[in-house]
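Residue numbers start at 1 and run along the sequence shown. Basis for what follows: all heavy atoms, side chains included, without hydrogens, waters or symmetry-related copies.
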Amino acid sequence: MFSQSDIDQMQKKGITPEMVEAQIEQFKKGFPFMKLVKPATVGDGIIKLDDEELDSLIDIYRDFEGSRIKFVPASGAATRMFKHLYEFQADYRVKGLECFNDKSFGSIYTFFNRIKDFPFYDKLYNALWAQGFKMEELIEQNDYLPIVNTLLAHDGLNYGNLPKALILFHKYGDIARTALEEHLVEGAQYARDKHGNVNIHLTVSPEHLDGFESLIERVKSFYENHYDVTLNISYSVQKPSTDTVAVDMNNNPFRNDDGTLLFRPGGHGALIENLNDLDQELVFIKNIDNVAPDHLKPQTVRYKKALAGMLLSYQKIIFRYLHELHNSNPSFEELKSILEFTQDELCVLPPKGIDLTNPAVLKDYLIRILNRPIRVCGMVKNEGEPGGGPFWAVNPDGTVSLQIVESSQIDMNDPKSKAILSSSTHFNPVDIVCSFVNFKGERFNLLDYRDPQTGFIAIKSKDGKQLKAMELPGLWNGAMSSWNTIFVEVPLATFSPVKTVNDLLRDEHQPCR
């Protein structure tokens with residue numbers, strides 16, 4: 001199937017022919033849908049904390065003296081933020097103002113009517129001025145193309161080509177902050193250690209690394225002085241070895257015009273390898289576009305600390321049980337008590353057919369279930385946002401546990417699965433605190449805890465030809481399938497994603513009035 005030049009191309013990426021052949025077989029077979037049991041709800045898989053519990057958990061985190069880091073997947077391009085502006089740009093060139101008659105351009109009206117409310121307005125105004133344009137005159141004359149061009153193009157603000165991290169998100173008087181800067185501020189408030197160190201790890205695209213480093217160099221000392229911290233910023237890129245081969249519609253390798261194989265990034269699930277390279281004891285994970293301005297940060301900070309405290313409290317119990325299981329000979333009654341903990345607290349139900357009346361079998365099962373990475377995931381009430389949610393699901397080993405499941409993983413032709421999805425109450429905002437240190441102080445290899453059957457196949461195109469692309473198991477989905485998982489309800493105020501540029505006009509992203 002592969003020529004020597006194909007094999008050379010693979011080797012440069014750190015990919016073997018066997019890996020590519022396995023991916024092609026996966027395209028042929030497809031991925032199975034998740035077997036849902038029921039939605040996770042408050043009192044049945046999701047914990048709801050009262051103020052006293054929050055304070056107690058925050059105290060636990062405050063006493064933690066170990067290492068910690070904030071992990072931010074930050075390589076995502078901002079292109080999709082401006083999708084409707086690109087569509088308007090193309091249509092305006094053909095139809096002029098007639099394109100406003102199309103109802104789909106309602107968001108464009110909003111964009112221009114409230115253009116002064118965007119945090120990048122002053123920067124855009126000055127960029128237009130430098131080109132000899134006045135913003136007010138352009139809008140008064142309905143001459144919108146120079147504004148959009150200047151916002152998106154290389155010779156303007158270049159926002160259409162930058163990562164979201166480098167886009168201005170919030171305004172504070174005469175200054176504005178990028179999404180990246182907001183993560184620095186957040187990290188200073190909940191990820192600092194006893195010595196004032198704040199470790200932040202950013203995954204970036206190679207072509208944007210210079211931009212990240214330039215911004216950090218410009219603002220680092222300001223935030224360090226303002227929050228009395230030392231910011232330790234590290235970077236990594238998605239490993240080429242996690243790219244996946246594309247195939248044509250007949251499942252044959254898709255080739256570029258020059259005959260080379262087409263490889264595509266494996267999606268955010270590939271970042272499990274970047275996460276696996278970290279060596280801190282506690283890791284906070286949050287998406288780059290989910291940040292709030294300062295007046296809304298206190299609730300985010302409070303719950304982040306509480307989630308960390310909850311992880312530490314559960315981890316302490318798990319480690320105690322594992323020490324008992326390894327270093328003593330617990331009675332059958334003690335084993336049953338630990339089993340109740342795995343079922344009632346960790347929400348892991350044993351597979352059917354396993355003989356847990358046999359003490360040796362039960363002990364081995366408990367060690368396997370307890371000795372895994374652990375994560376505590378915030379969940380918000382579902383307000384119609386697209387994306388994954390919390391469910392009880394059947395795993396490949398027959399256990400039932402808490403999983404974050406994307407809608408694409410659910411068989412919408414199955415009435416039962418569809419009903420479970422429709423009765424779901426919460427949404428995954430990617431608000432995670434995790435640890436991958438075992439009870440001996442050793443690190444887990446996170447690659448051992450993935451479910452490879454939770455990937456995703458999408459139809460794409462290149463050079464006018466359709467192709468199939470494969471994404472690896474999602475970072476907080478199948479890539480963490482065999483982790484111990486705890487879901488906690490967090491306030492909606494802690495979730496303020498920016499998927500389109502107009503989201504920056506929402507109240508939660510506007511200055512406090």
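Side-chain contact of S435 with Q315: a donor-acceptor pair under 3.5 Å is present, judged by distance alone. Side-chain contact check for T150 and Q131: at least one donor-acceptor pair (N or O, by modelled atom type) lies under 3.5 Å. In summary, the side chains of N287 and N290 do not present any donor paired with an acceptor at a separation below 3.5 Å, with no hydrogens or angles considered. A donor-acceptor contact under 3.5 angstrom links the side chains of N274 and S236, judged on distance only. Under 3.5 Å, the side chains of S401 and Q403 contain a donor-acceptor pair of N or O atoms. A donor-acceptor contact under 3.5 angstrom links the side chains of Q26 and Q453, judged on distance only. If you check the side chains of T500 and N502, you find no donor sitting under 3.5 Å from an acceptor. Counting only N and O atoms by type, the side chains of E217 and S214 include no donor and acceptor under 3.5 Å apart. Checked by atom type, the side-chain pair N371/N438 shows no donor-acceptor distance below 3.5 Å. K70 and H201 share no side-chain donor-acceptor pair at under 3.5 Å. No hydrogens or angles considered: nothing links the side chains of Q299 and Y303 as a donor-acceptor pair under 3.5 Å.
By the 4.5 Å heavy-atom criterion applied to side chains, N197 and R192 are not counted as neighbours. Residues I272 and Y449 form no side-chain contact, since every pair of their non-hydrogen atoms from C-beta on lies 4.5 Å or further apart. The side-chain heavy atoms of T178 and F120, taken from C-beta on, include no pair separated by under 4.5 Å. Residues V433 and M310 are not in side-chain contact: their nearest non-hydrogen atoms beyond the backbone lie 4.5 Å or more apart. Residues L57 and L49 have side chains in contact (heavy-atom distance under 4.5 Å, counting atoms from C-beta outward).
Using a cut-off of 4.0 Å between Lys/Arg side-chain N and Asp/Glu carboxylate O, D463 and R255 are scored as not salt-bridged. At a threshold of 4.0 Å, the pair K239-D277 counts as salt-bridged, since one of the basic side-chain nitrogens sits closer than that to a carboxylate oxygen. A salt bridge does not link K194 to E65: none of the charged side-chain nitrogens sits closer than 4.0 Å to a carboxylate oxygen. Look at K499 and D289 and you find a salt bridge, because one of the NZ, NE, NH1 or NH2 atoms lies within 4.0 Å of a carboxylate O, short of that distance. Remark: E471 does not engage R264 in a salt bridge, criterion side-chain N to carboxylate O under 4.0 Å. A salt bridge does not link D257 with K462: every distance from a Lys NZ or Arg NE/NH1/NH2 to an Asp or Glu carboxylate oxygen is 4.0 Å or more.
Minimum heavy-atom separation, F487 to L402: CE1-CB, 3.5 Å. Listed here is the closest heavy atom pair of I432 and C377: CG1-SG, 4.0 Å. Nearest heavy atoms, I139 versus Y144: O-OH, 4.1 Å. Across Q23 and T244, no two heavy atoms sit closer than the pair OE1-CA, 3.4 Å.
Shown here are the salt bridge (Lys or Arg N to Asp or Glu O under 4.0 Å) partners of R80, two or more places apart in sequence or in another chain: there are none. The side-chain contact (heavy atoms from CB on, under 4.5 Å) check on D174 picks up nothing, with sequence neighbours excluded.
Taking the centre of each ring, F111 and F118 come in below the 6.0 Å mark.
Figure legend: cation-pi geometry between R372 and F444 absent, as NZ or CZ is not positioned both under 6.0 Å from the six-membered ring centre and within 45° of its axis.
For NZ of K134, the number of neighbouring non-hydrogen atoms (other residues, nucleotides, ligands) closer than 6.0 Å is 12 at most. The number of heavy atoms from other shown groups lying within 6.0 Å of NZ (K220) is above 12. Counting heavy atoms of neighbouring residues, nucleotides and ligands inside a 6.0 Å radius, atom CD of E442 exceeds 12 of them. Heavy atoms from other residues, nucleotides or ligands lying under 6.0 Å from NZ of K116 number 12 at most. Heavy atoms of other residues, nucleotides or ligands lying less than 6.0 angstrom from CG of D507 number 12 at most. In the displayed structure, E136 atom CD is contacted under 6.0 Å by more than 12 heavy atoms of other residues, nucleotides or ligands.
Tested against D431, the residues R375, K286, K304 include a single salt bridge (Lys or Arg N to Asp or Glu O under 4.0 Å) partner, K304.
Using bins of under 30°, 30° to 60° and over 60° for the plane-to-plane angle, the ring pair H170/Y172 lands in the perpendicular bin.
At distances below 3.5 Å, not a single donor-acceptor pair connects side-chain atoms of E186 with backbone N or O atoms of K297.
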